[in-house]
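Below is one structure; the comments refer to it alone.
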Amino acid sequence: MLDIKLIRENPDFVKQQMAALQDAHAPVDAALALDEERRTLLTQVEELKARRNSESKRIGEMMRQGQRAEADQLKQEMTDVGDAIKTLDDRLKVVDEELFDAMSRIPNLPLPWVPVGKDDSENLVARTWGELPHFDFAPKPHWEIGEALNILDFERGVKLSGSRFYLLKGAGARLQRALIAWMLDVHTNDHGYSEIYPPYVVRAQTLFGTGNLPKFADNLYRDIEDDLWLIPTAEVPVTNLYRDEILAAGSLPICHVAYTPCFRREKMSAGKDVRGIKRGHQFDKVEMVKFVEPEQGEAELVTLVDNAEDIARRLQLPYRVVQMCTGDLAFSAAAKYDIELWAPGCNEWLEVSSCSLFTDFQARRANIRYRPEEGAKPRYVYTLNGSGLALPRVMIAVLESYQQADGTVRVPDVLRPYMGGLEVIR
RNA sequence: GGAGGGAUGGCCGAGCGGUCUAAGGCGGCUGUCUUGAAAACAGCUGUGGCAGCAAUGUCACCGGGGGUUCGAAUCCCUCUCCCUCCGCCA
């Protein structure tokens, strides 16, 4: 959510930014009109309430002094005032809701240095790392490698749960578990994050805080009976940890890392990426979330991206960092970098992390504030998050990059201690 | 799942429709006294909206929402959460 004051004071600037974001539907003018009406109504209704407050006090005094007639007279007048207040309040409530709705549909503003572009074709590759591997045989896609090694089972996944579900077995399951434990250790030991184990099921209100509801309800799984929702990412519970709180002076930055499964219905992408484990309804992810002072936001984004890259570097997996242009920025992000691993079997770059700076956009919606100093007025924090990393696609990159001519897969050096010393999956 | 009891400011806690502008205490800040500190004494003490250059004014907030009333922390309805006991359970 943007600050309505910013829109009120710089409407043309905001509209120009919406154009850069390729968002033709952002209801900026509607928000301006509603804001105007809201303030007019507020002034009127508050005047009436001030009058009712003081006159009600007078009625109390009259009653005490036995001036029944005068009191009744004044009561009669106040009934009318009360009716007028009710009418204005009802209208104000509608306007408030409409304004909130309009504000909820206006995306975050990009930072000034974000490249302007119309869509993902104009994203910039900021840097690449590592050499693309050369094979003296035709590298296979991970689904062939996995099924041959009996570590991936698609058919039984479908039997149990339907399309887009699969099982990891034996060394495959252990490889994923090793990756999770190792990534968490790297982030907590070397990158300064503290680990969180959050609920995987949350209330609707929590999903509002991160903006997943109401707009993206179709992509969420839900238990109707208790109105609880399965999280689509750890970002949801972890960002909401401090919802409606004022963090004490000196407590920032707060850096959390959490491993969770993620659940997504993916109805909107039916038919896309059906092969392999690239896009399932259930997948695992290690997620980093930061709460920082506004002045530190951009520097923290740089380290966040580097923390995610570090995982790929330690796995010796070639990657590239892609900077989103304005036209491809996510709704809440002010700046965003994706990290993509090379998958030699699928012959494509796989997005394994998306690192975003949300400025105060999420904090405003989730009402997360902090005190710069003890006793100082609260300010909104800046939030950031990024995957560190998403498991299935790292699994793909590992299986495909470390495959050997005989169909076996070497275990990356850093994971061997987590695999009981196993060097080759055969 | 059953039965009961609760939710008030940073914390504890009073509050039986009108000086609630929320008592009192703790904590915190400022000042007096003191060489300094402690003690004592005095004053101050939350969040947000709107108007205003500002001083300031005004409204809202006693778990959330709705209602009754001229007037609600207080009465009514409803939801959420917490606690105690019973049942069930890894």
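Order of the sequence lines sets the chain letters (A, B, ...), proteins ahead of strands, with each chain counted from 1.
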Phosphate contact ([N] OP1 or OP2) by [X] side-chain N/O below 4.0 Å:
X        : N      : answer
A:Arg39  : B:rG49 : no
A:Asn53  : B:rC59 : yes
A:Lys377 : B:rU47 : no
A:Lys93  : B:rG66 : yes

Figure out the [atom1]/[atom2] separation between [X] and [N], and round it to whole Å.
X        : N      : atom1 : atom2 : result
A:Ile246 : B:rG9  : CD1   : P     : 13 Å
A:Lys57  : B:rC20 : NZ    : P     : 10 Å
A:Lys86  : B:rG67 : NZ    : C1'   : 9 Å
A:Arg364 : B:rG48 : CZ    : C1'   : 13 Å
A:Arg243 : B:rU47 : CZ    : C1'   : 17 Å

Heavy atoms only, 4.0 Å cut-off, all strands: where does [X] land among base, sugar-phosphate and nothing?
X        : result
A:Arg203 : sugar-phosphate
A:Arg369 : sugar-phosphate
A:Asp72  : nothing
A:Leu42  : sugar-phosphate
A:Arg8   : sugar-phosphate

Pair A:Asp310-A:His191, side-chain donor/acceptor within less than 3.5 Å: yes
Classify the side-chain pair A:Lys290/A:Thr303 by whether it contains a donor and acceptor separated by less than 3.5 Å. yes
[N] and [M]: how far apart are their [atom1] atoms, nearest whole angstrom?
N      : M      : atom1 : result
B:rG2  : B:rC59 : C1'   : 45 Å
B:rA39 : B:rC29 : P     : 12 Å
B:rG24 : B:rA14 : C1'   : 7 Å
B:rU8  : B:rG4  : C1'   : 22 Å
B:rC77 : B:rA22 : P     : 29 Å
B:rC26 : B:rG6  : C1'   : 23 Å

Would you indicate which nucleotide in B:rC59, B:rU80, B:rC70 comes nearest to any side-chain atom of A:Arg52?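 Looking only at heavy atoms from C-beta outward on A:Arg52, the closest nucleotide is B:rC70.
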From B:rG71, B:rG46, B:rC50, pick the nucleotide closest to the side chain of A:Ser56?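 It is B:rG71.
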Which base, if any, makes a Watson-Crick or G-U wobble pair with B:rC85, both distances under 3.5 Å?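 Matched B:rC85 with B:rG2 under the 3.5 Å cut-off.
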Who is the Watson-Crick or G-U wobble partner of B:rC44, with both distances under 3.5 Å? B:rG28
On the side chain of A:Glu61, is there an atom forming a donor-acceptor pair with the base of B:rG18 - under 3.5 Å, no angle test? no
For A:Arg314 and A:Val414, indicate whether the former's side chain and the latter's backbone hold a donor-acceptor pair under 3.5 Å.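 Flag not set: sc A:Arg314 to bb A:Val414 has no pair under 3.5 Å.
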Salt-bridged, A:Arg91 to A:Asp89, with N to O below 4.0 Å?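 No, A:Arg91 and A:Asp89 are not salt-bridged.
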Is A:Lys49 salt-bridged to A:Glu46, going by a charged N under 4.0 Å from an acidic O?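 Looking at A:Glu46 together with A:Lys49, the answer is no, because their closest N to O distance does not fall below 4.0 Å.
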